[in-house]
*Asks:* 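I am attaching a structure below and will ask some questions about it afterwards.
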Number of protein chains: 2
Amino acid sequence: MKLAYKVWLNQNGKAFGEGPYQLLRGIDRNGSLRKAAAEIGMSYNQAWHLIRTIEGRLGFPLIQRQVGGSSGGGSVVTSRGRLLMESYKVFREEVREVLEQLYEKHFGEMFRAE
Amino acid sequence: MKLAYKVWLNQNGKAFGEGPYQLLRGIDRNGSLRKAAAEIGMSYNQAWHLIRTIEGRLGFPLIQRQVGGSSGGGSVVTSRGRLLMESYKVFREEVREVLEQLYEKHFGEMFRAE
DNA sequence: GGGCGTTATCCTTATTTAAGGATAGCGATA
DNA sequence: TATCGCTATCCTTAAATAAGGATAACGCCC
């Protein structure tokens with residue numbers, strides 16, 4: 001038995017969460033949405049739709065696109081995107097810690113004896 | 001913008017969460033799975049499958065069934081079911097409080113100015 | 001101007017999950 | 001023994017979500 005959870009920002013639907021966070025991290029490392037998606041086992045298709053959708057809900061762009069060019073193009077995380085990404089990074093870690101504590105407090109004993 | 005989340009116990013899939021909790025509460029009040037389901041807008045079908053599935057995952061019964069009888073039958077929450085229900089009640093409340101605090105801490109400022 | 005890899009879309013097909021209808025069986029009680 | 005409301009299932013349909021193929025456009029660079 002263990003605790004499971006999902007946490008996300010909501011504004012007319014999911015506006016930011018684990019998926020977008022991982023995607024932004026990958027873009028940051030690779031300079032490419034396509035590569036970032038491949039890296040986390042997500043189809044480019046899905047990744048593209050995801051970023052597009054949540055940008056619409058957030059109301060500001062998370063990445064700056066470069067279509068064409070010597071390397072074919074690429075994407076970089078915007079400053080607001082980076083700010084959100086960094087905040088979420090700390091937030092998710094603190095959430096993880098506190099939820100583990102609460103689980104232990106309320107259910108640890110109940111499910112340890114089995 | 002606001003925080004959204006789901007928290008549940010997992011053992012070979014969802015083993016307990018908000019849905020089952022509300023269902024147990026309803027059974028406690030009504031003495032009937034059917035009435036409890038109707039009360040929270042869930043079909044009896046779905047409710048029956050839900051209870052059955054999570055009982056399998058938990059490994060112990062949440063309710064005791066009475067098939068037939070003067071009133072047609074009914075269900076009552078078992079003692080272990082009640083224990084789980086009560087623990088979850090407090091757990092979920094503390095989760096709510098702490099997640100609200102963390103959201104405020106990390107995103108309150110970011111999304112207040114808009 | 002041709003090549004290349006990326007972004008930008010569209011569209012079709014699976015897969016999963018939700019919804020709901022239908023029906024049998026049960027057993028205390030009147 | 002007939003009634004009544006509930007549990008126990010099965011089965012079909014609908015809806016939402018995921019998966020993935022296909023293709024156009026773009027623009028630096030050789």
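Chain A is the first sequence line, chain B the second, and so forth, proteins listed ahead of strands; every chain is numbered from 1. Computed from a predicted structure; not experimentally measured.
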*Asks:* Starting at CZ of B:R65 and ending at C1' of D:dC6, how long is that distance when rounded to a whole Å?
*Replies:*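 Answer to the nearest Å: 12 Å.
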
*Asks:* When hydrophobic residues are tied together by side-chain contacts of less than 4.5 Å, even through go-betweens, does B:L3 share a cluster with B:V98?
*Replies:*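 B:L3 clusters together with B:V98.
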
*Asks:* Would you mind writing out the side-chain donor-acceptor pairs for residues 40-48 of chain A within the sub-3.5 Å range, not counting sequence neighbours?
*Replies:*
residue: A:S43; atom: OG; partner: A:Q46; partner atom: N; Å: 3.0

*Asks:* Of all residues at least two apart in sequence or in a different chain, which pass the side-chain hydrogen bond (donor to acceptor under 3.5 Å, both in side chains) check with B:Q64?
*Replies:*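 Counting only residues at least two positions away or on another chain, B:Q64 forms no side-chain hydrogen bond (donor to acceptor under 3.5 Å, both in side chains).
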
*Asks:* What residues, two or more places apart in sequence or in another chain, satisfy side-chain hydrogen bond (donor to acceptor under 3.5 Å, both in side chains) together with B:E104?
*Replies:*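 Listed in chain order: B:R112.
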
*Asks:* Would you say B:L62 and B:I54 make side-chain contact, with heavy atoms under 4.5 Å?
*Replies:*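 When only atoms from C-beta onward are counted, B:I54 and B:L62 do touch, with a gap below 4.5 Å.
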
*Asks:* Taking the six-membered ring for Trp, are A:Y21 and A:F16 ring centroids under 6.0 Å apart?
*Replies:*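 Between A:Y21 and A:F16, the centre distance exceeds or equals 6.0 Å.
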
*Asks:* What integer distance in Å separates A:L50:CG from C:dA8:C1'?
*Replies:*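 Computing the A:L50:CG to C:dA8:C1' distance gives 16 Å.
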
*Asks:* Taking only residues at least two apart or on different chains, which pairs with a member in residues 45-66 of chain A satisfy salt bridge (charged side-chain N to carboxylate O under 4.0 Å, His left out)?
*Replies:*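 Checked against salt bridge (charged side-chain N to carboxylate O under 4.0 Å, His left out) - neighbours excluded - the pairs reaching residues 45-66 of chain A are A:E55-A:R65.
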
*Asks:* Please write out the pairs of protein N or O atoms and N or O atoms of nucleotides 13-15 of chain D separated by less than 3.5 Å, giving the distance to one decimal.
*Replies:*
none

*Asks:* What are the atom names and distances for every N/O pair under 3.5 Å that joins the protein to nucleotides 10-14 of chain C?
*Replies:*
residue: C:dC10; atom: N4; partner: A:N45; partner atom: OD1; Å: 3.0
residue: C:dC10; atom: N4; partner: A:N45; partner atom: ND2; Å: 3.4

*Asks:* Please tell me whether B:V90 and B:V7 are part of a single hydrophobic cluster in this structure, the criterion being side-chain heavy atoms less than 4.5 Å apart.
*Replies:*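 B:V90 does not cluster with B:V7.
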
*Asks:* What parts of residues 13-25 of chain B reach DNA chain C, counting only heavy atoms under 4.0 Å away?
*Replies:*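 Close to the strand, none.
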
*Asks:* Where do N or O atoms of nucleotides 16-19 of chain D meet protein N or O atoms at under 3.5 Å, pair by pair?
*Replies:*
residue: D:dA19; atom: OP2; partner: A:Q46; partner atom: OE1; Å: 3.2

*Asks:* When you compare the side chain of B:L58 with that of B:L84, does any pair of heavy atoms fall below 4.5 Å?
*Replies:*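 Of all side-chain heavy-atom pairs linking B:L58 with B:L84, at least one is under 4.5 Å.
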
*Asks:* Taking atom P of D:dT9 as reference, at what distance in whole Å does atom CD1 of B:I51 sit?
*Replies:*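 Going from B:I51 (CD1) to D:dT9 (P), I get 15 Å.
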
*Asks:* Under 4.5 Å between side-chain heavy atoms, hopping through other hydrophobics if needed: is there a path connecting A:V67 to A:I51?
*Replies:*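 Cluster IDs for A:V67 and A:I51 differ.
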
*Asks:* Ring pair (Phe, Tyr, Trp, His ring centres under 6.0 Å), that's the test. Do B:Y5 and A:Y5 meet it? Break it down for me.
*Replies:* CA-CA 7 Å; B:Y5 59 89; A:Y5 58 90; 9.8 Å; no

*Asks:* Taking only residues two or more places apart in sequence or in another chain, which ones pass salt bridge (Lys or Arg N to Asp or Glu O under 4.0 Å) with B:E100?
*Replies:*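 Partners of B:E100 under the salt bridge (Lys or Arg N to Asp or Glu O under 4.0 Å) test: B:R96.
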
*Asks:* Give me each pair satisfying salt bridge (charged side-chain N to carboxylate O under 4.0 Å, His left out) with a member in residues 4-13 of chain A, each pair once, sequence neighbours excluded.
*Replies:*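 Residue pairs with at least one partner in residues 4-13 of chain A: there are none.
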
*Asks:* Side chain of B:Y44 only, please: which of C:dT6, D:dC6, D:dA8 is the nearest?
*Replies:*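 The nucleotide sitting nearest to the side chain is D:dA8.
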
*Asks:* Cluster question for you: counting only ILVMFWY and a side-chain heavy-atom cut-off of under 4.5 Å, with indirect links fine, are A:L83 and A:W8 together?
*Replies:*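 As far as the 4.5 Å side-chain criterion goes, A:W8 and A:L83 are not connected within one cluster.
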
*Asks:* Just by protein heavy atoms under 4.0 Å, how would nucleotides 23-30 of chain D read 5' to 3' in B, S and -?
*Replies:* ---BBBS-

*Asks:* Please identify each residue that fulfils side-chain hydrogen bond (donor to acceptor under 3.5 Å, both in side chains) with B:Y88, with sequence neighbours left out.
*Replies:*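 With sequence neighbours excluded, B:Y88 shows a side-chain hydrogen bond (donor to acceptor under 3.5 Å, both in side chains) to B:E18, given in chain and number order.
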
